[in-house]
There are 2 protein chains.
Amino acid sequence: MIQVDKALSIIADNSIKMPVRKIKVCKSLGYILAETVYAPIAMPPFRQSAMDGYAFTRSENKQYDVVGISQAGDNDKYKIKANQAIRIFTGAFVPDSVNTVVMQEHVTVNGDSIMIDKMPEPNANVRAKGEQVNEGDIMLEKNTLLTPAGIGFLACLGITEVSVYSKPKAAILVTGNELVQPGKKLKLGKIFESNSIMLQAALETAGIKKVKVFRVKDNLKATKKVLKKLLSKYDMILVSGGISVGDYDFVKEALLKKGVEELFYKINQKPGKPLFFGNKEEKLIFALPGNPASSLTSFYVYVLPALKKMMGFEEIHLKRIVRKLSTAVINTTGKTLFLKALYDETHVSVLDSQSSAMLNTFATANSLLFVPYDSTEIKKGEDVTLLPLD
Amino acid sequence: MIQVDKALSIIADNSIKMPVRKIKVCKSLGYILAETVYAPIAMPPFRQSAMDGYAFTRSENKQYDVVGISQAGDNDKYKIKANQAIRIFTGAFVPDSVNTVVMQEHVTVNGDSIMIDKMPEPNANVRAKGEQVNEGDIMLEKNTLLTPAGIGFLACLGITEVSVYSKPKAAILVTGNELVQPGKKLKLGKIFESNSIMLQAALETAGIKKVKVFRVKDNLKATKKVLKKLLSKYDMILVSGGISVGDYDFVKEALLKKGVEELFYKINQKPGKPLFFGNKEEKLIFALPGNPASSLTSFYVYVLPALKKMMGFEEIHLKRIVRKLSTAVINTTGKTLFLKALYDETHVSVLDSQSSAMLNTFATANSLLFVPYDSTEIKKGEDVTLLPLD
């Protein structure tokens, strides 16, 4: 049995970034850039008006004949004389023969000519080519998470494909003779199986979509058979249940028989003590406890960092923040506790029911309060560490 | 022109919750419950062992014959006599004829009988039927956001369908003669169109997926025609560009001609002053400025709350949190500023480039610093309000 922080460092050390691949920018939301992106063009790509107004060559002259127009998207290379101007709009091309734009609020229009009431400085309201970005400038650093802003930025540079770290292909394997699918009739002794749908949703929030679920009875032979198949096809396997020490918990034995190396088994924590983590080459296998709340706690604290490392994130662990505790916490277990909690800007309060079998508290929690194994009592008002889930 | 807070309250007042519909629990991630969910079954649904051990009827006797087994999922109604016990596992059915489970660590096994070394209290390690939930108890309140925990919780109660607020069908309409699709050749005077892909990604992070994009030239007739179609088919329309006061900005005129009621136009802010918000019956229309950073700021501050209200969220506006300012901010504009910023647990710093035309700063920001229009100077170290985007 190991401590929580040791388990987290074993996960960080053994989770390997996925292979790099090219994807379309329009599909890249949530991926991590595997290359630094340089500007393929200057921005703006041409001399551009910053205002709606009139473009002319700055002089002492206040009156100009309006001889043309440059609307956004136009590219007419007008040869403008000293006493001439063109109507121009924000974002429009500024011909080489002029150097200044006067905003429309500062002119008086008389038919086809204008009188400038407030003369701008030379070169005013003209954005130089490359004013914001020169061709070849670094645009986005390697290892940047692609957000809506990042995606828009790539698109405005005309970039349509980027190199990113692939996302792992994940599978869920559910074990347990007592499990019945929701929607079916619940016979005596049986319970509804909810971990697969819960883990699918948790994986989806982490950006891993459409994860397949496999099911197996509590039986060594069947468990080995399905694991063989999953180990050949998936980068990450989450096994649900069958990992305690009961006589019918075959998962660990089956994993070891199929060549999975044990990296740790059992953490000094509550909930989620019987957690198994192993690998086979670069594939990762977590066997999670069957109790729903234990399973989900294990997912957030341990599986998510492994997934994030594989996906190329630099910060992989749940953020830890500090708040003041609203009511005292006693810990007589000698184990690290992860308690379902609600935090706000200043305080955190532990929710009433902490059963590892029930998810109702989890459904209203926004964080896990972290109580170290060697912390026997935390008083009301003390600073505590918590892991936000929102 | 109105102030920011007035615009936010107009949006909250005019965004209407979408119709309620039934969906499968496995598809319900990110939806808001439109009904209170009551427990259809008790949890646990039967008397259940909380431990791996032996079930027996508590007495002075310390030795028991093991006459059977109850594994998770079994339902054998053993008639156990006073001197008998059965092997039992965590989660397994506890027959009516026994009342107590002793954990396996507290017995010595001798062939087919056990000696109890540490006698548990009567009824120990037996979870009563309904100990956690009684049939008919409130499980999840109306207006709860469905998270992985909530979804798992519904499934463990055997629930397969829930009533939720529908998500709005959204469309994006891009205007601008200067725009070229990324991947095409960029002719002089043109720029790459990036707002549609950016807004699609922003909508996707808000849970609105596969949003269609429509394009139209700067032309009143064409704009009216496409708007007519979109107003008949979509719950929310985001128009990009064409909303300034240039002679070729036809969007507002086209919207009004097509029966859209103006709820506000122009906000005393930077970036994003020329923002239009209107409705037609319960459909909402935002016309966003064409500059990418202005567009995305407007999305986060104004469009997202409208979407969240439609989706049934109670808290719709971006969270506002307080941090200490790392470097002074001067505001001589008389406008409310939304500055791209980076915050941590204690401080916030404004990023260097704040151009509304460029997204590079946005791609690395994690928040928008909120500088009120009547705040001309904020000194280093003062408390400031910011809107987290992460």
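In what follows, chains carry the letters A, B, and so on, assigned in the order in which the sequence lines appear, proteins first and then strands, with residues in each chain numbered from 1.
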Heavy-atom cut-off 4.5 Å, strictly under: side chain, backbone, both or neither for [X] against chain A?
| X | answer |
| --- | --- |
| B/N360 | both |
| B/V322 | backbone |
| B/L29 | side chain |
| B/A92 | neither |

Heavy-atom neighbours of [X] [atom1] exceed 12 at 6.0 Å:
| X | atom1 | value |
| --- | --- | --- |
| B/D352 | CG | no |
| A/D383 | CG | yes |
| A/E315 | CD | no |

Do the side chains of [Y] and [X] get nearer than 4.5 Å, heavy atoms only?
| X | Y | result |
| --- | --- | --- |
| A/K77 | B/L188 | yes |
| A/P148 | B/Y300 | yes |
| A/T144 | B/T364 | no |
| B/Q48 | A/I191 | yes |

I need the [X] [atom1] to [Y] [atom2] distance, nearest 0.5 Å.
| X | Y | atom1 | atom2 | result |
| --- | --- | --- | --- | --- |
| A/E204 | B/C26 | CD | SG | 10.5 Å |
| B/C156 | A/E193 | SG | CD | 10.5 Å |
| A/F153 | B/T361 | CZ | OG1 | 8.0 Å |
| B/E345 | A/R320 | CD | CZ | 13.5 Å |
| B/L154 | A/M198 | CG | CE | 13.0 Å |

Fill in: Residues that B/K187 engages under side chain to side chain contact (heavy atoms under 4.5 Å, CB included), provided they are two or more places apart
B/K190
Contact summary for [X] and [Y], nearest pair of heavy atoms:
| X | Y | result |
| --- | --- | --- |
| B/A201 | A/I151 | CB-CD1, 4.1 Å |
| A/L359 | B/G152 | CD1-C, 3.4 Å |
| B/S194 | A/A155 | CB-CB, 3.6 Å |

Worksheet item: With only heavy atoms counted, which part of A/I69 is less than 4.5 Å from chain B, the side chain, the backbone, both or neither?
Response: side chain
Worksheet item: Of the backbone (N, CA, C, O) and the side chain (C-beta and beyond), which part of A/I197 lies under 4.5 Å from a heavy atom of chain B, both, or neither?
Response: both
Heavy-atom pairs under 4.5 Å with chain A: which of [options] has the most?
| options | result |
| --- | --- |
| B/A72, B/A363, B/G150 | B/A72 |
| B/G183, B/A365, B/G290, B/A149 | B/A149 |
| B/V180, B/L179, B/T160 | B/T160 |

Pick from [options] with the largest number of heavy-atom pairs that fall under 4.5 Å of chain B:
| options | value |
| --- | --- |
| A/T205, A/L145, A/L199 | A/T205 |
| A/N195, A/L140, A/L157 | A/L157 |
| A/Q71, A/R47, A/K319 | A/Q71 |

Discussion item. Under the criterion side-chain contact (heavy atoms from CB on, under 4.5 Å), I'd like the reasoning laid out for A/F192 against B/I159: C-alpha separation, chi angles, the key distance, then a yes or no.
Written reply: CA-CA 9 Å; A/F192 288 116; B/I159 296 169; over 6 Å; no
